[in-house]
Amino acid sequence: MLDHGTPEHAADDPIESLRHRMRHSAAHVMADAVLQLFPEAKVAIGPPTADGFYYDFEVQRPFTPEDLERIEALMLETINANAPFVREELNRDSAQSMFSSQPFKQEIIDDLPDETTLSIYRHGEFTDLCQGPHVASTGEITAVKLLHTAGAYWRGDETRPMLQRIYGTAFESQDELEAHLERLAEAERRDHRTLGRQLNLFTVHDEIGPGLIVWHPRGGVMRSLIEDYWRDIHYRRGYSIVYSPHIGRARLWQTSGHLDFYRDSMYAPMEIDEQEYFLKPMNCPFHIQIYRSSLRSYRELPLRIAELGTVYRYERSGVLHGLMRVRGFTQDDAHIFCLPDQVAAEVGDVLDLTFEIMSAFGFEDYDIMLSTRPDKYVGDPEMWDHATESLREALVERSLDYGIDEGGGAFYGPKIDIKIKDALGREWQCTTVQFDFNLPERFGLVYQDEEGNRVQPYMVHRAILGSLERFFGVLVEHYAGAFPLWLAPVQAVVIPIADRHNEYAEQVAAQLRDAGFRVEVDDRSERMNQKIRQAQLQKTPYMLVVGDREAEANAAAVRTRDGDNHGALPLSDVQEMLKADLAGTPAA
RNA sequence: GCCGAUGUAGCUCAGCCGGAAGAGCAGCGGUUUCGUAAACCGCAGGUCAAGGGUUCGAGUCCCUUCAUCGGCUCCA
C-alpha cells in the first residue's frame, strides 16, 4: 500500500508518530487477515487516519459483523506472533510481477513517478507495497479494534469500483483505546438528532420531505434567541438587515450564472404565467439587486447587507444528516460592497465579529484556513492579489494561526474558512469569508468615485454561523443539550410538592416571568421525585421546589441541574442567582 | 447518486423454522398529595414504511419504491 504522506505534526509529536506507525501497521495486519479468510480479495489502500486506520478491499460479498470478529481474532494471532516488519526496496518490474494478481496495486505502481523508489513491507507471509514507516514488529501494535465497514469508491471516484472498507483504530495502550471508545460513545450520547427529539427541539418528517426541518416550540425559542442576538450585534457593527423572497425568475439565475453552473443543486423550476421561477439556493443575487437599486457613490461604501436568508439546495439523498446537512436552511448571510482601501479593515471586522459571536456561544478554539487563487479563476489577477493580501493581513494583524490551502480558493475569489472546535474537540465548518470577483462582473456592479468614474466595487460574501440549522446542531452537541441559561428554552421549572402548592408555584413562576425569565410549572399530579427526574432529563438549568415551608417563607428551594441542592432561598435571592448566572452572556 | 444495514404503537425496542401483533416509557381515566432522578391500578393505542409478488396462510420469503443509519463523493 501507499503512504499518503505523514502529517507534518505527526512527526513532531512522539505519541502521534507512534500511533501513526502503529495504525499503519495494523492496516497491514488487517489486510493479512482478510487475505487469509478471503484469498480472492483484491487489496487497495490502507492508510492511517486522524484517529484510526482503514483498508479497502474488493471482495465477492460485503463483510458482515461476524467477518469483522473473525478478522480481528486473526489479527490478534498475528500480533501475538510478534512478526517483524521488514522493509525491502525493489525495482518497478519486480514490483509489477510481485503484485501481478493485485490490479489496484498495479495501478498504484503505474501511477507512481519514475523516480520514486518502490518499497515493500513484509510481516509473516504478508507483503504490501508501502513506503512505511511501520513499527518494528506486529507485537508493538498494543491495542487494536475494528469498528465498522462501509462502501468506498476506488480512489474516491464514483465512476470507479465500489470497494468494501473496514475501519479500525489502534492505540499505544488498552487504556487509551478504551478512552477513545468512550469518546465515541460520548459523541453518540450527544448526537443532536437524538437530543433534538428528547428535548423536543425539532423533527424531520417523511411527510414533509428529507432534509427539511420543523422547529418545535423549544427549538424555536432558542432559534429566536440566536437570531435576536445576531440581529442586535449586526446592527451595532454597521450592517443593514434586509429580507428577500424565496423564489426568483430564471433570468436572475441566468445572469448570476447559477443556472449554468449550479443547476444540479437547485430545485426544479415552477412555471407561473409562462415564466420559470426557481427556489433560491443563495441570497447573493437579491442583495446585489439591492445594491443596484440606485447608483452608488463611493461615499456610501462600505455597504454591508445582511440577511437571515433561507435557501434550498438539492443535496444528494445519501449525504443528508440531521441538522448538519439539510436541503432547506437559513444562512446568516451578508455581502459587503467596498472600496479597495477598505477591504483589509472589512475583513478584519468580520474576523473580530466572528470571534465575538462564537465566544458568546462557548466556542473558543478555531482552525483557520486561507485559500488562494486556483488555476481556473475569473477576475483581475491584481484584484485577486490585493484581496488575498488583505485576508492575510487581517489574520496576521490579529496574530492568528492559520493554514494555507494554496490554490484552494473558489473560482470567483480567495477565502478564509474557520472551523470551530466543540467540547469534544471535533471541528465544524461554519464561518466563511469569500471574495467574489464573478458576480460584480456579471451584474455590472459599479460605484462612482471622486472623479466621477464608474468603478467595480470589491464584494465580500460572508456567513459567520454558516447555517442556523447546522450551527444549532453543533450547539446541541457542544453543550450535550445542557444549554447555558441564556439559551435554555426553559430556564427554570417550578416543582410544587403537592397539588395544594400549585397556586403558590404559579405565583413564583409569574414573578420570575415578570423579571424576564422563561419559567414553567410542573403541576402534574406526580411525586416530586418524578418531576425532578423529568427536569433533569430535560436538562433544565434550575428546579425550584416549593412546598409548605417555601410558601410560608415566600421562598423556593433551588436545585441546579448539576444535582446541587442550594436549599430554600427568598424569591428575590432566586432572581439574583439567575441574573448572576446570565452575567457575561448576551442576555445579561 | 453509489455500497451496506435498517424500517413493528407517539418514543425505545422484542417478535425463533411462514401459522391469532407484544413489552417498557409516553398518553388517557382513577387512586395517591408525597421534600430532591421513575407511586399504584386500569384503559386505549398498530394498513408491521408504501406498493406488488410467492403461499392454504406473510411482520417474517422475493421484487420495486420511499425514508433513516454507517460510509464514499460533495458541502453551509
Side-chain angles (χ1 to χ4, degrees), chain A residues 54 56 58-59 61-65 147-167 188 191 193-194 197-198 200 203-211 264-265 281-283 309-311 313-333 410 417 419 428-432 434 461-474 495-502 524-538 543-550 557-561 563-568:
Chain A
Y54 65 82
D56 288 345
E58 188 175 62
V59 278
R61 60 163 179 84
F63 298 111
T64 64
L147 298 171
H148 54 265
T149 61
Y153 296 107
W154 168 233
R155 298 199 150 167
D157 180 343
E158 62 188 54
T159 64
R160 309 296 304 272
M162 174 66 75
L163 308 175
Q164 294 301 317
R165 175 172 297 179
I166 302 179
Y167 284 94
E188 210 174 310
D191 192 312
R193 293 166 300 181
T194 316
R197 168 167 287 289
Q198 285 168 356
N200 204 1
T203 44
V204 247
H205 298 261
D206 237 8
E207 293 86 338
I208 296 174
D264 287 350
S265 297
M282 295 185 186
N283 303 300
T310 303
V311 297
R313 299 181 186 173
Y314 173 75
E315 299 286 354
R316 302 163 94 189
S317 58
V319 305
L320 299 175
H321 178 93
L323 293 176
M324 304 302 192
R325 191 73 183 275
V326 293
R327 285 183 174 163
F329 58 99
T330 301
Q331 296 181 301
D332 69 317
D333 211 354
D417 289 321
K419 289 180 178 165
W428 303 95
Q429 165 78 61
C430 292
T431 307
T432 181
Q434 310 187 348
H461 167 111
R462 51 113 280 197
I464 289 177
L465 305 176
S467 98
L468 289 180
E469 284 75 8
R470 174 180 294 179
F471 185 74
F472 188 69
V474 173
I495 298 178
I497 288 180
D499 289 352
R500 66 174 180 279
H501 307 120
N502 283 357
R524 293 175 301 156
S525 180
E526 291 284 354
R527 293 168 65 215
M528 178 201 60
N529 284 322
Q530 162 69 1
K531 297 180 186 180
I532 286 180
R533 173 177 158 80
Q534 199 51 41
Q536 287 288 156
L537 290 174
Q538 288 297 307
M543 283 149 266
L544 307 176
V545 178
V546 296
D548 290 330
R549 300 200 294 262
E550 288 76 16
V558 176
R559 176 189 165 111
T560 42
R561 68 182 156 200
D564 282 356
N565 187 346
H566 300 262

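Chain letters run A, B, ... following the sequence lines, proteins first, then strands; residues in each count from 1.
With the nearest nucleotide of RNA chain B identified for both A:V558 and A:Y167, A:V558 has the one nearer the 5' end. Nearer to the 5' terminus of RNA chain B, by closest-nucleotide assignment, is the contact made by A:L163 (compared with the other of A:H321 and A:L163).
Across the P atoms, B:A58 and B:G51 are found 15 Å apart, a figure rounded to whole Å. To the nearest whole angstrom, the two C1' atoms, one in B:C74 and one in B:C63, are 31 Å apart. Straight-line distance between the P atoms of B:U33 and B:G70: roughly 48 Å, to the nearest whole Å. A distance of about 22 Å separates the P atoms of B:C25 and B:G35, rounded to the whole Å. Taking atom P on both nucleotides, B:A9 is separated from B:A5 by 22 Å, rounded to a whole Å. Remark: the separation of the P atoms in B:C34 and B:U68 is 49 Å, to the nearest Å. With both ends at atom P, the span from B:U12 to B:C72 equals 25 Å, rounded to whole Å. Between B:U47 and B:G22, the two P atoms lie 15 Å apart (nearest whole Å).
Among the heavy atoms of the strands lying under 4.0 Å from A:E526 is at least one base atom, whether or not backbone atoms are also near. Counting any heavy atom pair closer than 4.0 Å across all strands shown, A:N565 reaches a base atom. At the heavy-atom level, A:A535 lies nowhere under 4.0 Å from the strands shown. A:Y314 comes within 4.0 angstrom of the backbone, heavy atoms only, and of no base. Residue contacts for A:Q530: at a heavy-atom cut-off of 4.0 Å it reaches the sugar-phosphate backbone alone, with no base atom in range. Looking at heavy-atom distances under 4.0 Å, A:D333 makes no contact with the nucleic acid at all. Within 4.0 Å of A:G151, counting heavy atoms only, lies at least one base atom of the nucleic acid. Residue-level contact check: A:E315 touches the bases, meaning some heavy atom is under 4.0 Å from a base atom. Within the 4.0 angstrom heavy-atom criterion, no nucleotide atom of any strand lies near A:E58. When heavy atoms are screened at a 4.0 angstrom cut-off, A:V204 is found touching no nucleic acid atom at all. A:F471 comes within 4.0 angstrom of nothing in the nucleic acid, heavy atoms only. Among the protein residues, A:G156 comes within range of the sugar-phosphate backbone only, with heavy atoms under 4.0 Å from sugar or phosphate atoms but none that close to a base. Nucleic acid contact for A:S525: base, since at least one base atom lies under 4.0 Å from a heavy atom of the residue. Residue A:D206 is classed as a sugar-phosphate contact, given heavy-atom separations below 4.0 Å to backbone atoms only.
Using modelled atom types and a 3.5 Å distance limit, the side chains of A:Q429 and A:R470 yield no donor-acceptor pair.
A:D564 places no side-chain N or O within donor-acceptor distance of the main-chain N or O of A:H566, the cut-off being under 3.5 Å.
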Steps toward salt bridge (charged side-chain N to carboxylate O under 4.0 Å, His left out) verdict (A:D157, A:R155)
CA-CA 5 Å; A:D157 180 343; A:R155 298 199 150 167; over 6 Å; no
**OP:** Please step through salt bridge (charged side-chain N to carboxylate O under 4.0 Å, His left out) for the pair A:R316 and A:E158, ending with a clear verdict.
**Re:** CA-CA 13 Å; A:R316 302 163 94 189; A:E158 62 188 54; 3.1 Å; yes
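Annotation: side chain of A:R197 is not in contact with side chain of A:V204 (no heavy-atom distance under 4.5 Å). Side-chain atoms of A:Q530 and A:R524, non-hydrogen and from C-beta on, do get closer than 4.5 Å to each other. With a 4.5 Å cut-off on side-chain heavy atoms, A:V474 and A:M324 count as touching.
Taking the side chain to side chain contact (heavy atoms under 4.5 Å, CB included) definition, one finds that A:Y167 meets it with A:Y54, A:H148, A:A150, A:R165, sequence neighbours left out.
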Annotated structure of RNA chain B as dot-bracket, pair cut-off 3.5 Å, Watson-Crick or G-U only, | for inter-strand, is (((((((..((((.....[..)))).(((((.......))))).....(((((..]....))))))))))))....
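Smallest separation of non-hydrogen atoms from A:M528 and A:I497: SD-CG1, 4.2 Å. The minimum heavy-atom distance linking A:A568 with A:E550 is given by the pair CB-OE2, 4.1 Å.
Glycosidic conformation, B:C11: anti, with the torsion outside 90° of 0.
In summary, contact between chain A and RNA chain B, defined as any nucleotide atom under 4.0 Å from a heavy atom of the protein, begins and ends at B:G1 to B:A76 in the 5' to 3' direction.
With rounding to the nearest 0.5 angstrom, the CZ atom of A:R549 is 10.0 Å from the NE2 atom of A:H501.
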